[in-house]
Q: 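This is the structure I have questions about; it appears just below.
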Amino acid sequence: MYFSKMFLPTMREVPAEAEIISHKLMLRAGLIRKLASGIYSFLPLGLRVLKKVEQVVREEMDRAGAQELLMSALLPAESYRESGRWEVFGPEMFRLKDRNDRDFCLGPTHEEIFTETVKHSVRSYRGLPLTLYQIQTKYRDEIRPRFGVMRSREFIMKDAYSFDRDDAGLDISYKQMEEAYRRIFDRLGLIYKVVEADTGAMGGSGSQEFMVISDIGEDAIAYCKTCGYGANEEKASCPPLKDPVVEEELPAEKVLTPNIHTISELTEFLGCEPTRVAKTLIYKADDMLVAAMVRGDRELNEVKLKNILGCTELEMADEKSVCTVTNAEVGFAGPIGLKIKIIADYEIAQGKNLIVGANETDYHIINVNMERDFEAEVHDIRSIAEGDTCPCCGNEITLARGIEVGHIFKLGTKYSEILKCNYVDESGNEKPMVMGCYGIGINRLMASVIEQSNDENGIIWPMEIAPYQVIIVPVNILDETVMNIAKNMYDRLQKLNVEVLLDDRNERAGVKFNDADLIGIPIRINIGRKAAEGLVEYKLRRGHEALTLTVDEAIEKILTQVENQ
Ligand code: ATP
Ligand code: MG
């Protein structure tokens, strides 16, 4: 491709709403343009990358034995009604009617549709296992579209669905997808963690997320550098200590703590550590009030609490309810004498001589011990913290932020039972198929690569998905010798199937170098003063050094570099 012919509207100034580096660079490098909130066009250079990302995903899906098909984005409401998700999706689902007033949606994800398709086509165990996938456009009316294509309202997803006879079969299909995902992320050169995820309302028996490590990630993850354990913060387990502190139980005592409302005020007033304090938080779980207790230095994990209570809605109780159940102002809740269900974290059960609210304004009680002074149901309800011990190996936990780029999920028979996707086994019994689902956001994946691979000058594409592998920059296009070598190299590289750009613009060398760096082409060939001696400069986007080589040597080196990815 000749640069002068390319539709590449780069941008000098990007709008302030582009907060993160990948969003800024995608706009600046002319990869995408915004149409409306959360809706983007991919321009030629961006589309080349997007297609390559798709291709990597496709190759690894195919290699894992999954078969590609393509479904419509415009979907009839019926099967979503049957599964209950017509309601569950709420305002996130784009809905529309046809001319006959029938309901349709723009598919946010396709579990129902794949289940229906397989149901009508596979009847016997002989047709299983089966994994199908598509790379297709999804629609979600996100409450807060942001970060460019990271969270958009229209995006491309690779979604795969596996169908097996039993759980053992699902385990195999799931493992194959997990391995395919690892290969995809490795090929793109990403730094990522595979973490256990909460299965929440979706049910199912297991789920993992592929998290690209990045400070702009919306998810908090916990992982262990020693044993490889990783979990989404919501899910990371905080089991009881194997050898808790042994301490003599002291007599409980009510103390005056006037106008003390926060943990830090309390610890300062009493001259103790926040680890001594037990917070009692009053929650409204559906229509019931419950108390949850965690140590003063800990965060309560609402996802864990919600799962334990099995409720649909969980929120902090309002001030009035707190005052009513505790008979005190907010800030003095405690477990003693409380008439509602109490859930205490393991650290509360294992802690000794704790400080709690007295359920009386301006008072706390010190030296409180569970079992002796109050009763509670004990569970893991706190959020894991930096430096905690790993639940698998006991070493230290590290916290990080991650961008969820992929998600694999053991659905079990949730959809097959509701939609009656059954098969007949060897003994003639009808059974529901056991399913898994596996998603990767293609656009988000592309943006995540930029997020991890850039410098002050622009994008640094890994060879695997670079829009072009090589850019030839003739420093002065008016110099005939220079241009002859440039065109000759260009032709030779094209014949060798190398994807090459020739910057034939009549611009200063500096401008061309900046553009080449901005759009992130992995190899740059500068043709300048030494052209007369048949020499060119070979420079990698990632490196600082330029090598002076003959044209033949340069071509040789390019081929090796391209092949090694
Ligand atoms: P999130 O928590 O980020 O909203 P999700 O849990 O809703 O993601 P899934 O339903 O598991 O996502 O979708 C599978 C994949 O699709 C995600 O891992 C992500 O890569 C991608 N994805 C989901 N929503 C969006 C979006 N609005 N824009 C771009 N990609 C998305
Ligand atoms: Mg979402």
Side-chain angles (χ1 to χ4, degrees), residues 66-67 69 71-97 102-134 136 138-141 157-174 177 197-208 286 303 306-307 309-313 407-425 427-439:
Q67 296 171 61
L69 51 68
M71 291 193 172
S72 170
L74 181 62
L75 303 169
E78 281 71 30
S79 36
Y80 287 96
R81 283 225 170 83
E82 254 178 86
S83 74
R85 291 212 290 183
W86 188 256
E87 281 76 39
V88 172
F89 273 112
E92 198 166 303
M93 189 185 244
F94 277 103
R95 296 154 205 265
L96 60 161
K97 286 188 186 290
R102 285 195 204 101
D103 284 318
F104 285 80
C105 70
L106 295 175
T109 172
H110 277 64
E111 280 78 6
E112 287 82 350
I113 314 300
F114 273 78
T115 311
E116 290 279 354
T117 306
V118 170
K119 164 185 169 174
H120 293 300
S121 320
V122 178
R123 300 242 178 253
S124 136
Y125 68 93
R126 286 188 207 90
L128 302 176
L130 179 66
T131 300
L132 300 172
Y133 78 99
Q134 63 176 345
Q136 188 255 10
K138 299 278 184 277
Y139 296 87
R140 295 183 185 180
D141 198 355
M157 198 201 285
K158 184 287 299 170
D159 47 329
Y161 305 85
S162 65
F163 298 83
D164 274 279
R165 301 180 200 181
D166 48 28
D167 285 341
L170 170 60
D171 287 347
I172 296 169
S173 302
Y174 183 90
M177 284 296 118
D198 179 52
T199 50
M202 283 279 274
S205 55
S207 159
Q208 286 164 298
D286 295 333
V303 174
K306 198 171 163 189
N307 288 343
L309 294 169
C311 59
T312 334
E313 297 288 335
H407 194 176
I408 56 178
F409 206 115
K410 289 183 184 172
L411 290 170
T413 54
K414 181 181 153 101
Y415 290 93
S416 46
E417 275 181 36
I418 303 176
L419 300 169
K420 304 191 182 58
C421 179
N422 298 328
Y423 73 98
V424 178
D425 73 5
S427 343
N429 298 320
E430 193 151 300
K431 287 186 176 158
M433 295 185 199
V434 183
M435 292 173 56
C437 70
Y438 317 90

Q: I need the minimum non-hydrogen distance between Gln134 and Met71, along with the two atoms involved.
A: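 For Gln134 versus Met71, the nearest heavy atoms are OE1-N, 2.9 Å.
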Q: When rounded to the nearest 0.5 angstrom, what is the spacing between CG in Asp425 and OH in Tyr125?
A: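 Going from CG on Asp425 over to OH on Tyr125, the span is 8.5 Å.
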Q: Tell me every residue that passes salt bridge (Lys or Arg N to Asp or Glu O under 4.0 Å) with Arg102, counting only those two or more places apart in sequence or in another chain.
A: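 Listed in chain order: Asp98.
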Q: Please enumerate all residues that pass side-chain hydrogen bond (donor to acceptor under 3.5 Å, both in side chains) together with Arg165, with sequence neighbours excluded.
A: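 Counting only residues at least two positions away or on another chain, Arg165 forms a side-chain hydrogen bond (donor to acceptor under 3.5 Å, both in side chains) with Glu426.
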Q: Going from OG1 on Thr131 to CD1 on Ile172, what distance comes out if it is rounded to the nearest 0.5 angstrom?
A: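 Here the rounded value is 11.0 Å.
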Q: Could you state the interatomic distance from CD1 (Ile408) to OG (Ser162), rounded to the nearest 0.5 Å?
A: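 Answer for the CD1-OG pair, Ile408 versus Ser162, is 10.0 Å.
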Q: Applying the side chain to side chain contact (heavy atoms under 4.5 Å, CB included) criterion to Cys437, which one of Tyr161, Phe114, Tyr133 satisfies it?
A: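 Between Cys437 and the candidates, side chain to side chain contact (heavy atoms under 4.5 Å, CB included) is satisfied uniquely by Tyr161.
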Q: Can you list everything that forms a salt bridge (Lys or Arg N to Asp or Glu O under 4.0 Å) with Asp171? Sequence neighbours excluded, please.
A: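 Testing Asp171 for salt bridge (Lys or Arg N to Asp or Glu O under 4.0 Å), a comparison that skips the adjacent residues, returns Lys410.
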Q: Are any side-chain N or O atoms of Asp286 and backbone N or O atoms of Thr312, one a donor and one an acceptor, separated by less than 3.5 Å?
A: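 Side chain of Asp286 to backbone of Thr312: a pair is present.
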Q: Quick one: does Ser427's side chain have a donor or acceptor within less than 3.5 Å of a partner on Asn429's backbone?
A: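 Flag not set: sc Ser427 to bb Asn429 has no pair under 3.5 Å.
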Q: Parallel, tilted or perpendicular: which one describes the rings of Phe409 and His407, with boundaries at 30° and 60°?
A: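 The arrangement is tilted - the two ring planes meet at 30° to 60°.
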Q: Lys119 and Lys420: side chain to side chain contact (heavy atoms under 4.5 Å, CB included), yes or no, with the steps?
A: CA-CA 7 Å; Lys119 164 185 169 174; Lys420 304 191 182 58; 4.2 Å; yes
Q: Not counting sequence neighbours, which residues clear ring-ring contact (aromatic ring centres under 6.0 Å, His included) with Phe163? List them please.
A: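 Listed in chain order: nothing, the list is empty.
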Q: Provide the closest heavy-atom pair for Asp166 versus Val434 in the form atom of the first, atom of the second, distance.
A: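 Heavy-atom minimum between the residues: CA-CG2, 3.6 Å.
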Q: Tell me every residue that passes side-chain contact (heavy atoms from CB on, under 4.5 Å) with Arg81, counting only those two or more places apart in sequence or in another chain.
A: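 Partners of Arg81 under the side-chain contact (heavy atoms from CB on, under 4.5 Å) test: Ala77, Trp86, Asp103.
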Q: How long is the span from the CG atom in Asp159 to the CD1 atom in Ile113, to the nearest 0.5 Å?
A: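 Interatomic distance, Asp159 CG to Ile113 CD1, rounded to 0.5 Å: 11.0 Å.
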Q: Would you sort out whether Gln208 and Tyr174 count as a side chain to side chain contact (heavy atoms under 4.5 Å, CB included), showing the intermediate values?
A: CA-CA 10 Å; Gln208 286 164 298; Tyr174 183 90; 2.9 Å; yes
Q: Judged by atom type as modelled, is there a donor-acceptor pair below 3.5 Å linking the side chain of His110 to the main-chain atoms of Lys138?
A: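 Checking the backbone N and O of Lys138 against the side chain of His110, no donor-acceptor pair under 3.5 Å is found.
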Q: Determine whether a donor-acceptor pair (N or O, by modelled atom type, separation under 3.5 Å) exists between the side chain of Thr199 and the backbone of Ser207.
A: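 No, the answer is negative, given that no donor and acceptor are paired below the 3.5 Å cut-off.
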Q: Taking Glu111 first and then Arg85, would you say they form a salt bridge - that is, a charged N and a carboxylate O separated by under 4.0 Å?
A: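 Arg85 and Glu111: salt-bridged.
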Q: In the structure I gave you, are the side-chain heavy atoms of Ser72 and Phe104 within less than 4.5 Å of one another anywhere?
A: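 SC-SC contact between Ser72 and Phe104 ruled out.
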Q: Once you round to the nearest 0.5 Å, how far does CG of Asp141 lie from CZ of Arg95?
A: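 One gets 10.0 Å once the value is rounded to the nearest 0.5 Å.
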Q: Provide the closest heavy-atom pair for Pro129 versus Asp164 in the form atom of the first, atom of the second, distance.
A: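 That would be CB-OD1, 3.1 Å.
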Q: Considering all heavy atoms of both residues, which atom of Ser416 and which atom of Asn422 are nearest to each other, and what is their separation?
A: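 Minimum heavy-atom contact is O-OD1, 4.3 Å.
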Q: Looking at side-chain heavy atoms only, is the closest gap between Val122 and Met433 below 4.5 Å?
A: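 Contact flag for Val122/Met433 side chains = yes.
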Q: Under the side chain to side chain contact (heavy atoms under 4.5 Å, CB included) criterion, do Leu75 and Leu106 qualify, and how do the steps go?
A: CA-CA 6 Å; Leu75 303 169; Leu106 295 175; over 6 Å; no
Q: Testing the basics here: between Tyr139 and Ala73, what is the closest heavy-atom pair and its distance to 0.1 Å?
A: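 It is CE1-CB, 3.9 Å.
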Q: If you compare all heavy atoms of Ser83 against all heavy atoms of Ile418, which two are closest, and at what distance to 0.1 Å?
A: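 That closest heavy-atom pairing would be CA-CG2, 3.9 Å.
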Q: Which residues pass the ring-ring contact (aromatic ring centres under 6.0 Å, His included) test with Tyr438, sequence neighbours left out?
A: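 ring-ring contact (aromatic ring centres under 6.0 Å, His included) list for Tyr438, sorted by chain: empty.
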Q: Between Glu82 and Glu116, is any pair of side-chain heavy atoms under 4.5 Å apart?
A: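 Side-chain contact under 4.5 Å: yes.
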Q: Would one find more than 12 heavy atoms of other residues, nucleotides or ligands at under 6.0 Å from atom CD of Gln67?
A: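 12 or below, so no.
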Q: Do the side chains of Cys421 and Tyr415 get nearer than 4.5 Å, heavy atoms only?
A: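 The answer is no, as the side chains (C-beta and beyond) never meet within the 4.5 Å cut-off.
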Q: Can you find a heavy atom in the side chain of Phe89 that is under 4.5 Å from one in the side chain of Thr109?
A: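 Phe89 reaches Thr109 side chain to side chain.
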Q: Say whether, by atom type as modelled, one donor and one acceptor occur between the side chain of Glu112 and the main chain of Ser79 under 3.5 angstrom.
A: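 Pair absent, no side-chain N/O of Glu112 close to backbone of Ser79.
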